Amino acid sequence: MVGRKRTILTDLDGNLLRVRVHSAAESDARGLARVAALAAVGHLTQRLRTVWADRGYQGQQPLLRGLLGHRTRLRIVQPPPGQRGFQVQQRRWRVERTFAWLVKQRRLRCDYERLPATSEALIYLTNIRLQLLNLARKKPLTPL
């Protein structure tokens, strides 16, 4: 299989916390394991209580508990019963919105990079740029 997958971990506002770029031949569960390992190394585990994921990660609760600790729960976002066609799903749209923000950058639309680490670095740089733009748009606090 040709291509790459991007597995990301975001907060509730859609801000990027961790990213892992890997081969499209790898399963979603393996991508989750690598992102969770990055989160564990980065001391994010003290703050994570719930990880929301789509159905591709179903059955990965033991893996996540082993990497992130017993306080973290994996919750799978299920579509409403009888859903036909596309419908925005609760909590999952935040990750999709983050992907949309990232691919607005021309360099990230297609995967031009040879190494996955280069792609990850560009994703982090793009996220930093987006966060700085977001901070610049906010009104400064007025002094008392």
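Because the structure is a prediction, the values reported are computed rather than measured. Side chains included, hydrogens not; waters and symmetry mates left out as well; all remaining heavy atoms used.
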Note to self: Is the shortest side-chain heavy-atom distance between Val103 and Arg6 below 4.5 Å?
What the structure shows: yes
Next item on the list: Quickly, which of Thr126, Asn134, Leu132 forms a side chain to side chain contact (heavy atoms under 4.5 Å, CB included) with Leu130? Name it, please.
Entry: Thr126
Checklist line | Check: Val19 main-chain N/O paired with Tyr124 side-chain donor or acceptor under 3.5 Å | finding: yes
Margin query: Return the CD1 to CD distance between Ile123 and Gln105, rounded to the nearest 0.5 Å.
Written below: 11.5 Å
Margin query: How long is the straight-line distance from CG of Leu17 back to OG1 of Thr10, given to the nearest 0.5 Å?
Written below: 6.5 Å
Notebook entry, point to check: From Phe99 CZ over to Lys104 NZ, what is the distance, rounded to the nearest 0.5 angstrom?
Noted result: 15.5 Å
Check: Which atom pair, heavy atoms only, marks the closest approach of Val21 to Arg4?
Finding: CG1-CD, 3.7 Å
Next item on the list: Could you check Arg18, Arg20, His22 and say which one makes a side-chain hydrogen bond (donor to acceptor under 3.5 Å, both in side chains) with Thr7?
Entry: His22
Item checked: From Thr98 atom OG1 to Ile8 atom CD1, the distance as rounded to the nearest 0.5 Å -> 5.0 Å
